[in-house]
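This report refers to the structure that appears directly beneath it.
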Amino acid sequence: MNYYVWTIGCQMNVADSRRLEAALEQLGHTATDRAEDGDIVVLNTCVVRQSAENKIYGRLGSLKPLKEQRPEMVIGLMGCFVGTRDPAPLRRRFPWVDVTMPPSDPQPLVDYLVAHGWVDAGKAALQSRVLRRYRLQDGDLILPARDQGSLVSAYVPIVLGCSHACSYCIIPYRRGRERSRPMAGIVAEAQALVAQGVKEITLLGQIVDRYGLDLPEADRPRPSLPLLLRRLHQIEGLERIRFLTSHPNWMTSDLLDAVAELPRVCEHIEVPVQAGDDEVLERMRRGYAVADYCRLIARIRERIEGVSIATDIIVGFPGETEEQFQRTVDLLTELRLDKAHIARYSPRPQTRAARQLEDDVPAEEKERRRRVLDDLQAGIVGEINAELLDQTVELLVEGRKKDRWWGRTRNDKLVYFDDGADWRGRLARVRVTWTGPWSLIGEVEGVPK
Ligand code: SAM
């Protein structure tokens, strides 16, 4: 049988889809590139903004006639659109969906396939161990066939859910409370990925720095992100380790020390500020002030040589005045960060902001503010990247795009180069010959010493 998985949203969804695909293959199914050809079609969904949710309605609408033509087809809906809530209202609204799965939990699909005789119950029981408990044993395949031996960089979720409840964010309502995975399972997963050809892993969590805080007190030494980084660092063949997303309040000195001291942990930090004004931050319930964030950026830069820092910003949050927006402009100008993802505020059901604050910044004004910050940031990154001209950087080469090899530097700059040799999965020394805000071009000089 053929399966097709459509994924939108965050890196966590990409990781969840990959695990689901590997599970379906172990149960005897084969990937196909088009929903039209799929016997099993899964939509792995995101609702962080209304624009993402609208795409789901589009996809669901296009699946309805397919299901009418082929009633035996299995349609699954997974991720934050489903959430951890009772799926009955969704099933009534979209009766052509056969099975719903909460984020990071593909098990209901496996149960459905067993119940309908699509897979052998014995095989499915083995699969359940991997899916439900993230428990791996030697020989477990956790990548789908297309990625085995070719995927260079993989995501590994380490903290599921979130308990922080920023006032704008729907994630805690859809992904459930914060749960850290036991350290042994994460290490086993990283080892299994390396055995299947992966060279870089990115550890994922909504607040990744909080890893371990919810695990039993009795665990000694107490699991934490710095300890996990040190454990993963010992895995032979794992070239690079990254983690995201950080929260300003949870970035400890231990964590910065681990990044500074461990050569395989990359000098790149993703730590969203969300706004450059204290009153807005308070209404967002972020738990810090602008001055705290600036001090953190200074601490990170002081401790980690060559670090690059990325941030997220929401414009047009309820009540954000022109003056308050201008403070975000000033903050970005002052900090000169390496990346800023700018989003227009989108009210999300259940969240405190949607319930209590009026969405009073007009759509055109949100768009104007987004563009102002995007243009400002493009100029800043353009200047930062221009300093790399004629420098030699180290890349981990991930693959080919537009007939050129591409890879990322340790601090997450995208670099392209031309060469006849096969560089996939290898470290390369590249001299930068052209720079722009979004990417660099270079000439390969050889491999790192
Ligand atoms: N957990 C991370 C954090 O604490 O920021 C990232 C989670 S979220 C998927 C990624 C980004 O989406 C956030 O950093 C935020 O900038 C943006 N975002 C979340 N909720 C939003 C909303 N209601 N409207 C617009 N952007 C939003």
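Side-chain atoms are counted along with the backbone in the values below, which use heavy atoms only and exclude waters and symmetry mates. A quick note: this is a predicted structure, and the numbers were derived from the prediction, not measured. Note that the numbering runs from 1 along the sequence shown for the chain.
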Sequence neighbours excluded, every pair satisfying side-chain hydrogen bond (donor to acceptor under 3.5 Å, both in side chains) that has a member inside residues 201-214:
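Non-adjacent pairs meeting side-chain hydrogen bond (donor to acceptor under 3.5 Å, both in side chains): E178-R210, S180-D214, D209-S246.
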Can you tell me which residue pairs pass the side-chain hydrogen bond (donor to acceptor under 3.5 Å, both in side chains) test with a partner in residues 68-81, sequence neighbours excluded?
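For residues 68-81: none.
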With ring pair (Phe, Tyr, Trp, His ring centres under 6.0 Å) as the rule and sequence neighbours excluded, what pairs involving residues 9-38 come up?
none
Pairs touching residues 33-78 that satisfy ring pair (Phe, Tyr, Trp, His ring centres under 6.0 Å), sequence neighbours left out:
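Every pair satisfying ring pair (Phe, Tyr, Trp, His ring centres under 6.0 Å) with a residue in residues 33-78: Y57-F81.
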Would you find a donor on one side and an acceptor on the other, under 3.5 Å apart, between the side chain of [X] and the backbone of [Y]?
{"X": "R240", "Y": "S153", "result": "no"}
{"X": "R355", "Y": "Q350", "result": "yes"}
{"X": "D418", "Y": "R404", "result": "no"}
{"X": "R285", "Y": "A165", "result": "no"}

Those residues at least two apart in sequence (or on a different chain) that pass side chain to side chain donor-acceptor pair (under 3.5 Å) with R34 are D37
Residues which pass side chain to side chain donor-acceptor pair (under 3.5 Å) with R370, listed by chain and number, not counting sequence neighbours:
E367, D374
Between H164 and H247, how do the two ring planes meet: parallel, tilted or perpendicular, split at 30° and 60°?
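Because their plane-to-plane angle lies in the 30° to 60° range, the rings of H164 and H247 count as tilted.
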Parallel, tilted or perpendicular for W96 and F94, by the 30°/60° rule?
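W96 vs F94 ring planes: perpendicular.
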Taking atom types as modelled, find out whether Q274 and Y168 have a side-chain donor-acceptor pair closer than 3.5 angstrom.
yes
Salt bridge between K366 and D359, side-chain N to carboxylate O under 4.0 Å?
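Counted as a salt bridge, because a side-chain N and a carboxylate O are separated by less than 4.0 Å.
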